[in-house]
Amino acid sequence: MISRKLVNIPHLTPRTHNSTHYRTLNSSILFSPPFVPKPPSFLATNVIKSYFETGLVREARTLFDEMPERDVVAWSAMINGFTSCNLHVNAWTMFREMLRDEEDVKPNEYTFSSVLKACKSMGSLSCGALVHGLALKHGVLGSIYVRNALMDMYGMCCDGMDRACAVFEEIGVKNSVSWTTLIAAYTHLGDGHGGLRVFREMLLDGAELNPFNVSIAIRACSSIGSQAYGKQIHATVFKRGFESSIPVMNSVLDMYCRCIGLSEADQCFHGMTEKDIITWNTMIAGYEKSDPYEALNLYSSLEFEGLTPNCFTFTSVIAAVANMAVLGVGEQIHGGIIRRGHGDDLGVANALIDMYAKCGSIMNSCKIFNEMHDKNVVSWTSMMVGYGSHGHGKEAVDLFDKMVASGVRPDRIVFVAVLNACSHAGLVDEGLQYFKMMVHSYNITPDQEIYGCIVDLLGRAGRVKEAYQLIEAMPFMPDESVWGAFLGACKAHKLAELGKLAASRVLDSRPSVAGTYLALSSIYAADGKWGDFARIRKLLKGTGNKKEAGRSWIEVRNQTYSFVAGDKLGVHIVWVYEAIDMLGLHMKEAGYNPDLQCLIHDLENEEPD
DNA sequence: ATAGGGTTAG
């Protein structure tokens with residue numbers, strides 16, 4: 001047996017008895033155990049790798065520091081280990097240490113792909129570009145791993161998309177990872193159309209569909225709300241047998257939640273034979289806004305399936321609680337979050353700020369906000385929106401300045417929040433200053449929503465003429481949010497003619513907006529034009545639209561009571577009216593004189609025909 | 001020792 005093997009390996013046939021090949025061959029086959037010389041750091045590097053895999057970061061570092069010789073493999077294992085434990089700054093520091101090290105170890109393609117992943121997660125274009133230069137210097141750009149990692153890094157950093165495309169173009173022979181990475185870059189940027197364009201190019205190029213590129217393509221469909229493409233790709237999922245892949249089915253499920261409908265999504269959810277925590281999270285997030293009770297039901301049945309809720313679960317569950325505005329439930333779940341050690345997660349803390357504000361406990365929002373050790377732009381915005389909705393406009397504006405001072409760059413949504421706060425606090429000139437700052441200092445192009453905020457800001461303060469001039473000067477056609485804000489100002493300041501103009505513009509673009517008909521009819525009513533009032537009401541009935549009633553609710557002894565204006569049902573309703581009467585008395589005592597002129601004509605009070 | 005896919009807060 002052994003002699004046959006020797007004979008069958010021609011290039012190892014010994015020429016002389018003392019040749020290395022011969023001795024190695026003899027010793028490995030004839031005398032076991034074999035002696036295979038290994039690099040001195042081989043064992044230690046493997047132990048480092050397993051330490052990181054089990055989260056023993058300190059142990060890994062200690063072992064590395066004690067190694068007498070540290071080769072490129074050991075350094076790369078450290079950098080990759082830190083990255084895989086989400087310690088990206090440590091990974092970056094490690095890389096810099098490596099470059100400064102006296103032993104003068106040269107980074108290789110493995111080092112570069114690992115450190116680029118750290119740059120990507122830090123979102124640091126400057127670090128990434130520096131590494132790009134070093135990669136060129138060290139001659140590792142021939143590696144498709146390095147090229148793909150570079151493209152991934154550029155694609156995930158802001159303002160990096162052009163460079164990601166440039167790297168992609170420079171790759172001679174693209175592999176499936178190159179394509180997937182580019183599609184993902186477009187999609188995560190919010191450009192789903194771009195993602196699908198690359199997906200089509202990929203297919204034209206002859207690349208095969210696989211679960212990776214299919215799931216990101218479905219994600220691109222949901223980001224642009226395309227039912228047609230989404231369903232088309234879902235069909236190929238079945239055709240290719242990808243429905244056995246949980247990630248693929250999770251993105252299909254998400255697409256159903258966002259673009260098709262919750263009952264269809266629910267069918268898809270129940271049809272999945274294998275589910276993971278992400279499947280459940282997707283469904284909970286799907287229900288969070290429109291059916292928060294169902295979201296909570298799913299959350300409570302999740303553990304029976306042997307799954308453990310994670311921070312994504314809790315952000316959605318807390319958002320659901322915020323939408324129900326039930327403080328007691330929110331506090332209970334907050335307790336569960338702390339117990340499970342997710343209290344310090346950034347996303348969870350942000351959701352808690354929002355939840356407490358919406359449940360009426362702005363003090364708890366503040367407490368969480370102040371105790372957060374790092375805050376992102378969402379944390380600041382949530383707190384500002386919370387203050388704004390509690391009528392603390394000044395605090396919200398102060399927070400904006402503190403945010404900028406702390407080095408967080410404001411985005412468009414922060415400006416929406418601060419402008420709304422200014423609007424409600426009557427800080428008109430401050431608001432206009434922020435608008436200027438947004439355009440000139442932060443290069444944010446105002447969109448419909450921002451113009452709507454400014455129109456609202458001016459309109460509320462009675463500066464209706466300026467608001468109208470702004471609308472005229474807009475670089476694009478104002479949509480219903482802008483005209484809606486203007487209409488609100490006309491209604492508040494009883495400017496019937498301008499109000500009619502604004503209403504007709506809203507109805508031209510979106511004839512289905514029930515609120516506009518109501519606002520317009522109130523303007524007519526306030527003007528004593530009852531014929532016009534009746535005509536508009538009739539038009540509204542003709543559209544088949546009904547303005548959704550504003551629902552209020554209150555928790556008393558763990559029981560939630562909900563009601564709308566004009567409610568006649570429910571045993572508790574007498575108590576509601578009694579409470580309202582008392583509130584009315586208190587308001588009169590406090591000197592508040594309610595303006596009933598507009599409210600009286602609200603649809604909810606209308607008798608059926 | 002080595003790269004790619006899914007869920008997430010205003």
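Note: hydrogens, waters and symmetry copies are ignored here, and every other heavy atom, side chains too, is used. What you see is a predicted model; the values in this text were computed from it and never measured. Note on naming: letters A, B, ... go to the chains in the order of the sequence lines (proteins, then strands), and numbering restarts at 1 for each one.
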- [ ] Ignoring hydrogens and angles, tell me if any N or O in the side chain of A:Asp456 forms a donor-acceptor pair with the backbone of A:Gly452 under 3.5 Å.
- [x]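 Not at all, since once roles are kept as given, no pair shorter than 3.5 Å links the two residues.
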Task: Heavy-atom donor-acceptor pair, A:Asn323 side chain to A:Ala319 backbone, under 3.5 Å - done: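 Flag set: sc A:Asn323 to bb A:Ala319 pair under 3.5 Å.
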TODO: Considering just the side-chain nitrogens and oxygens of A:Arg412, establish if one lies under 4.0 Å of OP1 or OP2 belonging to B:dG10.
DONE: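 No, outside the criterion.
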Task: Distance below 4.0 Å between A:Asn46 side-chain N/O and B:dA1 OP1 or OP2 - done: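 It does, given that an N or O in the side chain of A:Asn46 lies less than 4.0 Å from OP1 or OP2 of B:dA1.
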Open item on the list: With a 4.5 Å cut-off on side-chain heavy atoms, are A:Thr111 and A:Val140 touching?
Closed with: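 Of all side-chain heavy-atom pairs linking A:Thr111 with A:Val140, none is under 4.5 Å.
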Open item on the list: Please pick, from B:dG5, B:dG10, B:dA3, the nucleotide with the shortest atom-to-atom distance to any side-chain atom of A:Ser113.
Closed with: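 Closest of the options to the side chain of A:Ser113: B:dA3.
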Open item on the list: By nearest atom, which of the nucleotides B:dG5, B:dG10, B:dA9 is closest to the A:Asn376 side chain?
Closed with: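 The listed nucleotide nearest to A:Asn376's side chain is B:dA9.
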Within this structure, what is the [atom1]-to-[atom2] distance between [X] and [N], rounded to whole angstrom?
{"X": "A:Leu346", "N": "B:dA9", "atom1": "CG", "atom2": "P", "value": "12 Å"}
{"X": "A:Asp71", "N": "B:dT2", "atom1": "CG", "atom2": "P", "value": "13 Å"}
{"X": "A:Met272", "N": "B:dT7", "atom1": "CE", "atom2": "C1'", "value": "12 Å"}
{"X": "A:Ile284", "N": "B:dA9", "atom1": "CD1", "atom2": "C1'", "value": "15 Å"}
{"X": "A:Lys275", "N": "B:dT7", "atom1": "NZ", "atom2": "C1'", "value": "16 Å"}
{"X": "A:His132", "N": "B:dA3", "atom1": "NE2", "atom2": "P", "value": "20 Å"}
{"X": "A:Leu302", "N": "B:dT7", "atom1": "CG", "atom2": "P", "value": "17 Å"}
{"X": "A:Asn80", "N": "B:dG4", "atom1": "CG", "atom2": "C1'", "value": "14 Å"}

- [ ] Check if the side chain of A:Tyr145 and the base of B:dA3 share a donor-acceptor pair of N or O atoms closer than 3.5 Å.
- [x]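 By the distance-only test, yes, there is a pair.
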- [ ] Report yes if a donor N or O on one partner sits less than 3.5 Å from an acceptor N or O on the other, where the partners are the side chain of A:Asn250 and the base of B:dG5; otherwise report no.
- [x]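 Side chain to base: no pair below 3.5 Å.
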What contact category does [X] fall into here, base, sugar-phosphate, or nothing, at under 4.0 angstrom with non-hydrogen atoms?
{"X": "A:Asn175", "result": "base"}
{"X": "A:Ser76", "result": "nothing"}
{"X": "A:Ser176", "result": "base"}
{"X": "A:Ile216", "result": "sugar-phosphate"}
{"X": "A:Asn420", "result": "nothing"}
{"X": "A:Arg219", "result": "sugar-phosphate"}
{"X": "A:Thr45", "result": "nothing"}
{"X": "A:Val414", "result": "base"}

Task: Parallel, tilted or perpendicular, as decided by the 30° and 60° cut-offs, for the rings of A:Phe112 and A:His138 - done: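 Judged by the thresholds at 30° and 60°, the geometry between A:His138 and A:Phe112 is tilted.
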- [ ] Measure the NE2-SG distance between A:His234 and A:Cys221 for me, rounded to the nearest 0.5 Å.
- [x]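 These two atoms lie 12.0 Å from each other.
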Task: OH-OG distance between A:Tyr356 and A:Ser382, expressed to the nearest 0.5 angstrom - done: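 Rounded to the nearest 0.5 Å, the OH-OG separation comes to 14.5 Å.
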Open item on the list: So, applying ring-ring contact (aromatic ring centres under 6.0 Å, His included) with A:Phe64, which one of A:Trp75, A:Phe82, A:Tyr51, A:Phe52 is it?
Closed with: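 Single ring-ring contact (aromatic ring centres under 6.0 Å, His included) partner of A:Phe64 among A:Trp75, A:Phe82, A:Tyr51, A:Phe52: A:Trp75.
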Open item on the list: Any salt bridge linking A:Arg412 with A:Asp447? Criterion: basic side-chain nitrogen under 4.0 Å from a carboxylate oxygen.
Closed with: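 Yes, charged N to carboxylate O under 4.0 Å.
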Open item on the list: Does anything in residues 178-190 of chain A come within less than 4.0 Å of DNA chain B? Heavy atoms only, and list the residues if so.
Closed with: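 The answer is A:His188.
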